[in-house]
Q: 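Can you keep this structure in mind? I'll have questions shortly.
Small disclaimer: the values here were computed from a predicted structure and weren't measured.
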Amino acid sequence: MAAGTHTVTNQAPPLVAYDMFTSDRALAEAVERHLPPDVYGEAIGHLTSFGVSAGSAQAQGWGALANECPPRLRTHDRYGNRIDEVDFHPSWHRLLGRAVTAGLSGGAWGRPGGHVWRAAGFVLATQVEAGHLCPLSMTHAAVPALRAEPELAAAWEPLLASRVYEQGLRPPLEKAGVLLGMGMTEKQGGSDVRTNTTRAEPLAADGEYVLTGHKWFCSAPMSDGFLVLAQAPAGLTCFLVPRVLPDGTRNTFLIQRLKDKLGNRSNASAEVEFDGTTWARRVGEEGRGVRTIIGMVAATRLDCVLGSAGLMRQAVAQAVHHASYRRAFGGLLVDKPLMRNVLADLALESEAATVLGLRLAAAYDADAEQERALLRVAVPVAKYWVTKRCTPVVAEALECLGGNGYVEESGLPRLLRESPLNSIWEGAGNVQALDVLRALQREPAALNAFLEEVGRARGADHRLDRAIRDLLAELADLEGIEARARRLVERMARVLQGALLVRWAPPEVADAFCASRLGGDWGTSFGTLPHTLDLATVVERARPVDTD
């Protein structure tokens, strides 16, 4: 029996049993804006159903369990045979199966509106549990790389696009659906993959090789195959390494250990050795490995943007939800001017990230030369900026819950541990900034596409117009460009986000963003927006559930 003094009051109810998709106005509006009319109805039905599932107590419970019970490596069976298997909690498999069934693996390519549809689902799934998104992202991104080898693509692509999840290691072509991972990073090089030392020695059969070497980070090692980079006689080359060979025997894929990570704990990240008997199939031409894999890298970078947008949205939703129920100093927290300022500031960052991520997904769907040029520069710009904004947003949202947010049961600590990952994965900040410089210097069409995109909003807001002029001046000055690359990329990101919000967001949101991010009327922490703005409307737009 509870003590007489233990009456619980003034606590927000759990944020569960709600439609995570429809309640996210920025996301739902972006889907409506970018999807072709002939697929919109079907997509909305699926996304609404997925949003209800993602917002359920059951799914949220699966996410918590998958992290509380992380994967476990079994190198040998009871008889001493090497098996190199990773055991996951059943909740991981439930989440992964649910996401594959929703089409978040390899089915977006060539499907009308497929990338926008999938991007929205990716944002939703991230809010449940981010770790299980890693194999889905790699599987999705593997499709353009495999198309460099038409014979492989014909056999594997239908399995990557399948909405059937089959766990367990079996010959891939005998399964109803497969997942792919990748292995590029080595301990001596990190992002500098051209220094990779893994060797690929040709076999008698054309396109077949054996590999010798190691991979320092190889995520989701239970996947059915991996795209890896290795040094062939003609140079760095891309290879497909299946876990199980066609005759049913295990390929040599030695998992040395699993990484003990800050976050993303439900997802196994491994160190892997190839010992000279690892069979691999070449993908693309020898010596053209980076060119073959670059499409995969670009796709996973966009998923980093979408994943960060999802983490921010969930953090902001939790903060607004808490403040809508919690009373302090004579009223609801959400009605207090200073707390409202903090919540509105966080909501702006979240909406800007969502609008940018979905715009880039739409560029993939368009598959036009102008859109491909935009992606070349806008993806690393977005990857740099959105992923870096994620951690401070989540940390401030946690503070909105006070001590309650610092407790594991709130879910905010897990979001905080997860928040730096997308900034690190697929090239950290300096790599993204330098990639932007390369695009600007080598591909004039990329800069033209970027300027045309932001130019569509010219004349609508004087602060945006001034920011565009300042950006053009900075782009014209190449002196010391590498040392100030981060400053340039940050400015490009804010201008692009501002242009998109001016075109598509409600006036209250666009006005607040331009006043603070572009107009300079902003402090150095969240909650420093101009008090004259309509902050109540911005916060209400971010509310996940109706509290009436």
Side-chain angles (χ1 to χ4, degrees), residues 109 115 119 141 143-145 147-148 184 191-194 229 235-236 238 284-285 287-306 356-388 426-458 467-500:
W109 302 94
H115 287 87
V143 172
R147 287 177 176 175
M184 292 186 283
S191 296
D192 188 5
V193 296
R194 294 186 187 277
L229 292 176
L236 195 64
C238 180
E285 300 176 38
R288 306 279 281 180
V290 172
R291 182 180 181 87
T292 301
I293 210 80
I294 198 67
M296 185 177 194
V297 171
T300 51
R301 284 178 175 176
L302 177 53
D303 277 356
C304 289
V305 175
L306 297 169
L356 177 54
L358 270 290
R359 171 64 184 94
L360 298 181
Y364 268 102
D365 280 329
D367 194 28
E369 184 176 346
Q370 175 84 0
E371 297 290 82
R372 286 193 293 271
L374 176 64
L375 288 169
R376 178 64 187 89
V377 69
V379 166
V381 164
K383 165 69 164 69
Y384 173 86
W385 184 240
V386 172
T387 62
K388 284 196 174 299
E426 294 302 356
N430 284 353
V431 172
Q432 304 306 313
L434 294 173
D435 199 19
V436 171
L437 292 189
R438 278 191 292 272
L440 295 177
Q441 293 167 342
R442 300 177 186 178
E443 303 179 42
L447 177 58
N448 291 338
F450 179 88
L451 294 177
E452 183 171 328
E453 183 69 21
V454 300
R456 292 191 175 104
R458 264 187 162 172
I468 293 174
R469 289 195 300 270
D470 291 345
L471 175 60
L472 289 172
E474 188 161 359
L475 287 168
D477 178 14
L478 298 180
E479 184 178 354
I481 189 65
E482 182 172 328
R484 55 188 176 87
R486 284 186 171 220
R487 179 185 178 92
L488 172 64
V489 174
E490 175 180 331
R491 179 168 285 182
M492 291 176 70
R494 287 180 172 176
V495 167
L496 180 54
Q497 287 181 324
L500 296 177

Q: Applying side chain to side chain contact (heavy atoms under 4.5 Å, CB included) to Arg486 and Lys388, what does each step give before you reach the verdict?
A: CA-CA 11 Å; Arg486 284 186 171 220; Lys388 284 196 174 299; 3.6 Å; yes
Q: Using every non-hydrogen atom in the two residues, find where Leu360 and Leu375 come nearest and quote the distance to one decimal.
A: O-CD2, 3.5 Å
Q: Sequence neighbours excluded, which residues qualify as side chain to side chain contact (heavy atoms under 4.5 Å, CB included) partners of Ala428?
A: none
Q: Residues in side chain to side chain donor-acceptor pair (under 3.5 Å) with Asp470, at least two apart?
A: none
Q: With a cut-off of 3.5 Å and sequence neighbours excluded, list every side-chain donor-acceptor pair involving residues 488-495.
A:
residue: Glu490; atom: OE2; partner: Arg494; partner atom: NH1; Å: 3.4
residue: Glu490; atom: OE2; partner: Arg494; partner atom: NH2; Å: 3.3
residue: Arg491; atom: NH1; partner: Glu474; partner atom: OE1; Å: 2.8

Q: Might you point out which heavy atoms bring Leu358 and Ala119 nearest each other, and give the distance in Å?
A: CD1-CB, 4.1 Å
Q: Which atom names give the shortest non-hydrogen contact between Ala378 and Leu496, and what distance separates them?
A: CB-CD2, 4.2 Å
Q: Show the nearest heavy-atom pair for residues Phe450 and Leu471, with the distance to one decimal.
A: CE2-CD2, 3.8 Å
Q: Quick one: which residue pairs count as a side-chain hydrogen bond (donor to acceptor under 3.5 Å, both in side chains) with a foot in residues 356-366, not counting sequence neighbours?
A: His115-Asp365, Arg359-Glu371, Arg359-Glu453
Q: Please tabulate, for the side chains in residues 431-441, all donor-acceptor contacts under 3.5 angstrom to protein atoms that are two or more places apart in sequence or on a different chain.
A:
residue: Gln432; atom: OE1; partner: Arg301; partner atom: NE; Å: 3.4
residue: Gln432; atom: NE2; partner: Glu426; partner atom: O; Å: 2.9
residue: Gln432; atom: NE2; partner: Gly427; partner atom: O; Å: 2.8
residue: Asp435; atom: OD1; partner: Arg376; partner atom: NH1; Å: 3.4
residue: Asp435; atom: OD1; partner: Arg376; partner atom: NH2; Å: 3.1
residue: Asp435; atom: OD2; partner: Arg301; partner atom: NH1; Å: 2.7

Q: So which heavy atom on Ile481 is nearest to which on Asp477, and how close?
A: CD1-O, 4.3 Å
Q: I'd like to know whether CZ of Arg456 has more than 12 heavy-atom contacts from other residues, nucleotides or ligands below 6.0 angstrom.
A: yes
Q: Distance from Leu447 atom CG to Glu443 atom CD, nearest 0.5 Å?
A: 11.0 Å
Q: If a pair satisfies side-chain hydrogen bond (donor to acceptor under 3.5 Å, both in side chains) and one of its residues is in residues 287-298, list it, with sequence neighbours excluded.
A: none
Q: Can you name the closest pair of heavy atoms from Leu451 and Val454 and give their distance?
A: O-CG2, 3.3 Å
